[in-house]
Chemist: 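Supplied in structure tokens, the structure appears directly below.
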Amino acid sequence: MQASDRFNINSQLEHLQAKYVGTGHADMNRFEWAVNIQRDSYASYVGHYPILAYFAIAENESIGRERYNFMQKMLLPCGLPPEREDD
């Protein structure tokens, strides 16, 4: 792999990270990454009716209740953020 190839790949990655929030960046910690993944999953569940219906049947709840539960879980999907250590 040549140096120009590496530069091209890195510039494409930076462009992707600037365009889409969920792709992360170099300073993203593990908690932020997990929150993005969980929120994307819940948004997908709410947005795709067959998946939402599947969850509703599996949990013996109405579809509206499942939608509401997923929306509530999107607020704090991984709990409270850990305390940051300021150096």
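Because only heavy atoms are used, hydrogens play no part in the values below, and waters and symmetry mates are left out as well, while side chains stay in.
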Chemist: Got a second to check how far Met74's CE is from Asn69's CG, nearest 0.5 Å?
Modeler: 13.0 Å
Chemist: Is there a donor-acceptor pair closer than 3.5 Å between any side-chain N or O of His15 and the backbone N or O of Ser11?
Modeler: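 No; zero donor-acceptor contacts below 3.5 Å.
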Chemist: Sequence neighbours excluded, which residues qualify as salt bridge (charged side-chain N to carboxylate O under 4.0 Å, His left out) partners of Glu32?
Modeler: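 Here the qualifying residues are Arg84.
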Chemist: List the atom of Glu66, the atom of Phe55, and the distance in Å for their closest heavy-atom pair.
Modeler: OE1-CB, 4.0 Å
Chemist: Just verifying a value: how many Å separate Asn36 CG and Phe31 CZ, rounded to the nearest 0.5 Å?
Modeler: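 Atom-to-atom, Asn36:CG and Phe31:CZ are 10.0 Å apart.
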Chemist: Would you compute the distance between atom OH of Tyr54 and atom CD of Glu59 and round it to the nearest 0.5 angstrom?
Modeler: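 Separation between the atoms: 10.0 Å.
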Chemist: Mind checking the CD1-OH spacing from Ile37 to Tyr42? Nearest 0.5 Å is all I need.
Modeler: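 Between atom CD1 of Ile37 and atom OH of Tyr42 there are 12.5 Å.
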Chemist: Return the CG to OH distance between Leu52 and Tyr45, rounded to the nearest 0.5 Å.
Modeler: 11.5 Å
Chemist: Indicate if Met71 and Ile63 have the same hydrophobic cluster label, given that clusters are the connected sets of ILVMFWY residues with side-chain heavy-atom separations under 4.5 angstrom.
Modeler: yes
Chemist: Is there a donor-acceptor contact under 3.5 Å from the side chain of Arg67 to the main chain of Ser62?
Modeler: no
Chemist: Going from NZ on Lys73 to CD on Gln38, what distance comes out if it is rounded to the nearest 0.5 angstrom?
Modeler: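 Answer for the NZ-CD pair, Lys73 versus Gln38, is 9.0 Å.
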